[in-house]
Amino acid sequence: MIDNKSFYKLSYGLYIVSSVSEGKKNAQIANTVFQITSDPFMLAVSINKQNLTHEYIQKSKLIGISVLSEETPMDFVGKFGFKSGRDTDKFSGVSFKTLDSGVPVVLDNAISCFKLHVEKEIDVLTHTIFICKVLNAELLKDTEQLTYKYYQDIKRGKTPKTAPTYIENKNNFLPVNDMPKYKCSVCGYIYNSAVGDPDAGIPAGTLFEDIPNDWVCPICGATKDKFKKII
Ligand code: FE
């Protein structure tokens, strides 16, 4: 048997994986970056074959890794995680540095960074695991890293009642189930009027129409016009 809940007990971090090819750079979010050996220093990185970053890595054999800080804003994760480099320049407005051979490494919200060279590729159906030698490793900030669990439990607003940041929904002037919901067409996030978006200062009970126009999807950073009414 396969119990899907078993997989939730595996733990991960969140990283920005970047690469370069013929002067063009791209980067994406990945949660599968892990150390394999320490003598020599080797890391493994698993990337979906459909991603533009995958294509660049195969061509250049170079990878940049940024380990994200726990304070990383949701829209920053969304910028690298839910948008394709084929449509947008993910580096616009982002602080980064270019290492030897042109491989970019994102600095915003990064607490450490690596430059890797691909030594071996392992084909795993939908993904390729790149086995890499560490050429450069740098500690940028000695603070907590963003774990996948933290991203899911805290950043998505699923704050436990016992947490000091928990906000009780007191605006029950409309039955919760009757309040309209709007879905982000980019990432699938659902804005629920009954819940609001307290992290962005939108209190529970705020109708979608009443949200300021500069509000963006808390997951992927999409603008308000990318939302469609679903109920
Ligand atoms: Fe979104």
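In this chain, residues are counted from 1 in sequence order. Atoms within a ligand are numbered from 1 in the order they appear, just like the ligands themselves. Just the heavy atoms: all of them, side chains too, but no hydrogens, waters or symmetry mates, feed the values below. Bear in mind that the values here come from a model prediction, so they are computed numbers and not experimental data.
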(request) Report the relative orientation of the aromatic rings in Tyr191 and Trp215; use parallel for angles under 30°, tilted for 30 to 60°, perpendicular for over 60°. (result) perpendicular

(request) Classify the side-chain pair Asp225/Thr223 by whether it contains a donor and acceptor separated by less than 3.5 Å. (result) yes

(message) Does the Lys NZ or Arg CZ of Lys149 fall within the cation-pi geometry relative to Tyr8 - under 6.0 Å from the ring centre and within 45° of the axis?
(response) no

(message) Does the Lys NZ or Arg CZ of Lys183 fall within the cation-pi geometry relative to Tyr189 - under 6.0 Å from the ring centre and within 45° of the axis?
(response) no

(message) Using a 6.0 Å cut-off, check whether atom OH of Tyr148 has over 12 heavy atoms from anything other than its own residue.
(response) no

(message) Strictly under 2.8 Å of the Fe ion (ligand 1): which protein N/O/S atoms qualify?
(response) Cys184 SG, Cys187 SG, Cys217 SG, Cys220 SG

(request) Quick one: do Tyr151 and Glu70 satisfy side chain to side chain donor-acceptor pair (under 3.5 Å)? Show the steps, please. (result) CA-CA 8 Å; Tyr151 170 72; Glu70 202 173 74; over 6 Å; no

